[in-house]
Amino acid sequence: MVHFDYKKEPLRDILFIDVKSFYATVECIYHGWDPLETMLVVASHADNTGNGLILAASPKAKEVLGISNVSRVDNLPDHPLLKQVPPRMSLYIKENMVLNQLFETYVAAQDLLIYSIDESILDVTRSLNLFFPDPNLSRQEKRWLMARKIQKDIHDQTGLVLSIGIGDNPLLGKLALDTDAKYQKTNGYTAEWTYQDVQNKVWQVHPMTEFWGIGSRTKKQLAKIGINTIEQLANANVDLLYYRFGVIGEQLYHHANGIDRTILAETPPAAKEKSYGNSQVLPRNYTDQREIEIVIGELAEQVAARIRRHGCLTSCIHLYIGTAYGEVDSGFSHQMKIPATNTNKDLKTHCIHLFRKYYKGQAIRHVGISYSKLTYTQARELDLFDELDKHLSEEHLDKVIDKIRAKYGFTSIVYATSKLAGARSIARSHLVGGHNGGAGGLDGLS
DNA sequence: TCTGGGGTCCTAGGACCC
DNA sequence: TCTGGGGTCCTAGGACCC
């Protein structure tokens, strides 16, 4: 049974695009290997845990060896033709920028939304007649022609292969992409989902966790009230869903019915980051409080450098401490408001303070620090009790250090404590977003 | 999934104010 | 001080995505 009058819903021409095996393909292209024929995995060798993770696998590696992106390096099949390379995040970021510049030749900037490093949403509603003025072509034909044209142009210019989900709205595009287009090998990795397909396609998505926004937890919660399929979700009582799941429940109900009223051009441009943070799993269990505090200090500075680079101050710090397996005392996660700052000294002091306030001597395996309540202004609020001179010199020092690090790399300046056992900043200095940044990386893009 | 990492949004409960 | 009510801010925790 249909619950919505789809004639009243926004009818757009959305292309939800993702790059097939993005990292793996970029690596193949740069090495001069055929992206479709080469068996290759991009493997992150976490230097701290020693247990690598497969970040991406080429289509051939997936097909022949059945490698999935979540598998661990330990479990890789032994195959003489399988190539393994470390990730170069900065290279992928550059490639992503090139790609999106090309997308802007098909749509205006406000009709393009960069969804992730390898996914973009294009609203081509206003471009179709521009590119395909022929009045004998139907709207549907024009959408497909547009998708084909973009795939071909991008492949010619970059060697990348695109999967495209065509939809009447972004949600339908996303579902078409994730659950259909990616598997359409013989149909050019393209699929189209419209309002008329809700019952035949949207409701048939299975298992439910394939559906955008439904993870394993939500699946379990839904099962508790007798909802085990998208069709049941679409036909459930929306009030009950709201009662059990809040606004998320209401949204799930709408999505199950193919409803998404987003208009890309009307969505505010991507706001600046609301928080910056770094976290890491430690290479072993840490029990020495001094050692733990060294890691916290380094992390506090690392994130401080990031917010300075982005020209902002933080008014709220957050510390996450995860314990070792088998540790009886649990870890903790606490935040604290502070006067706006971005200096190493302030932030390090606050983070250590927060740590000491709650630490009970547990064995630690995971540490995370993030800064939120950011103000993106160069002007800073001065604490009345702060001595202006001291403040300026601290700030000056931080800036000089940042400059040197930006030019020569993080390892060029490390505090004496980093030389102590347990210090992690040197070992991690080459990482961008937790992955290997590669030589000559884009430091400013993290 | 005996440990990858970086983000976002939502909710419930407590504190506090008027 | 056996129970007013509305509003806001803050915090911890949960869940999701790439």
Side-chain angles (χ1 to χ4, degrees), chain A residues 16 18-19 22-23 42-56 68-75 86-87 89 92-93 96 114-120 174 177-178 208-222 242-252 255 270-286 299 302-303 306 315-327 330-338 354 357-358 363-374 424 428 431-437 445-446:
Chain A
F16 213 119
D18 106 332
V19 184
F22 182 49
Y23 299 172
V42 179
S44 152
H45 272 278
D47 68 323
N48 43 348
T49 57
N51 195 356
L53 202 69
I54 307 297
L55 296 178
S68 74
N69 287 349
V70 288
S71 47
R72 306 242 154 225
V73 173
D74 295 353
N75 305 329
M89 296 309 292
Y92 314 146
I93 292 169
N96 169 272
I114 302 173
Y115 185 75
S116 74
I117 193 159
D118 69 343
E119 287 177 277
S120 290
K174 177 70 169 157
L177 174 69
D178 285 348
M208 288 186 93
T209 47
E210 289 293 297
F211 201 88
W212 191 83
I214 301 180
S216 60
R217 312 283 184 108
T218 303
K219 182 189 164 178
K220 267 187 198 158
Q221 294 300 313
L222 286 169
Y242 186 84
Y243 175 73
R244 292 291 289 251
F245 300 95
V247 293
I248 301 274
E250 199 174 23
Q251 191 185 57
L252 285 177
H255 285 176
K272 301 203 168 171
E273 310 287 330
K274 293 189 171 170
S275 70
Y276 288 100
N278 288 108
S279 70
Q280 58 181 289
V281 172
L282 300 168
R284 55 180 168 80
N285 298 341
Y286 280 37
L299 218 45
Q302 193 176 307
V303 184
R306 286 179 70 198
S315 306
C316 185
I317 62 163
H318 174 259
L319 173 70
Y320 165 73
I321 295 291
T323 50
Y325 286 118
E327 177 62 65
S330 59
F332 53 86
S333 163
H334 289 287
Q335 69 182 62
M336 183 172 84
K337 281 193 74 181
I338 57 168
L354 201 49
K357 190 170 168 190
Y358 294 100
I364 302 305
R365 196 57 184 264
H366 204 165
V367 179
I369 283 176
S370 67
Y371 301 151
S372 59
K373 296 198 194 302
L374 303 173
R424 300 296 306 152
R428 297 177 60 83
L431 301 181
V432 172
H435 304 308
N436 195 319
L445 283 172
S446 68

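Proteins get letters first, then strands, A, B, ... in listed order; numbering begins at 1 in each. The structure presented is a predicted model; accordingly, all values stated were derived computationally and were not measured.
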Would you classify [X] as touching base, sugar-phosphate or nothing, given that sugar-phosphate means primed atoms plus P, OP1 and OP2, and contacts are heavy atoms under 4.0 Å?
X	result
A:K220	nothing
A:F211	sugar-phosphate
A:S216	sugar-phosphate
A:F332	nothing

Pairwise [atom1] distance, [M] and [N] [rounded to whole Å]:
N	M	atom1	result
C:dC18	B:dC2	P	23 Å
C:dT1	C:dG5	P	15 Å
C:dG13	B:dT3	P	24 Å

From the options [options], select the nucleotide whose nearest atom is closest to the side chain of [X].
X	options	value
A:K274	B:dC9, C:dC17, B:dC10	B:dC9
A:V281	C:dC17, C:dA12, B:dT3	B:dT3
A:S116	C:dA15, C:dA12, C:dC18	C:dC18
A:H334	C:dA12, C:dC16, B:dT3	C:dA12

So, is [X] near the phosphate of [N], with a side-chain N or O under 4.0 Å from OP1 or OP2?
X	N	value
A:S370	B:dG7	no
A:S275	B:dG6	no
A:K174	C:dC18	yes
A:N278	B:dG5	no

Identify the heavy atoms of A:D118 and A:N96 that sit nearest to each other, and give their distance.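 Reported closest heavy-atom pair: N-ND2, 4.5 Å.
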Do the rings of A:Y358 and A:H334 sit parallel, tilted or perpendicular, given the 30° and 60° boundaries?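 Rings of A:Y358 and A:H334: parallel, as their planes differ by under 30°.
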Anything under 30° is parallel, anything over 60° is perpendicular, the rest tilted; go ahead and classify A:Y92 against A:Y23.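 Judged by the thresholds at 30° and 60°, the geometry between A:Y92 and A:Y23 is parallel.
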Quick one: look up who B:dC18 pairs with, Watson-Crick or G-U, both distances under 3.5 Å, and put none if it's unpaired.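 Result: C:dG5.
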Give me syn or anti for C:dC2, where syn covers glycosidic angles within 90 degrees of 0.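 This nucleotide is in syn.
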Taking the side chain as everything from C-beta on, heavy atoms only, tell me whether A:F245 gets closer than 4.5 Å to A:L222.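 Contact flag for A:F245/A:L222 side chains = yes.
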Checking side chain to side chain contact (heavy atoms under 4.5 Å, CB included) between A:E119 and each of A:V19, A:L177, A:I114, which is the one that passes?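 That would be A:L177; it is the only one of A:V19, A:L177, A:I114 passing the side chain to side chain contact (heavy atoms under 4.5 Å, CB included) with A:E119.
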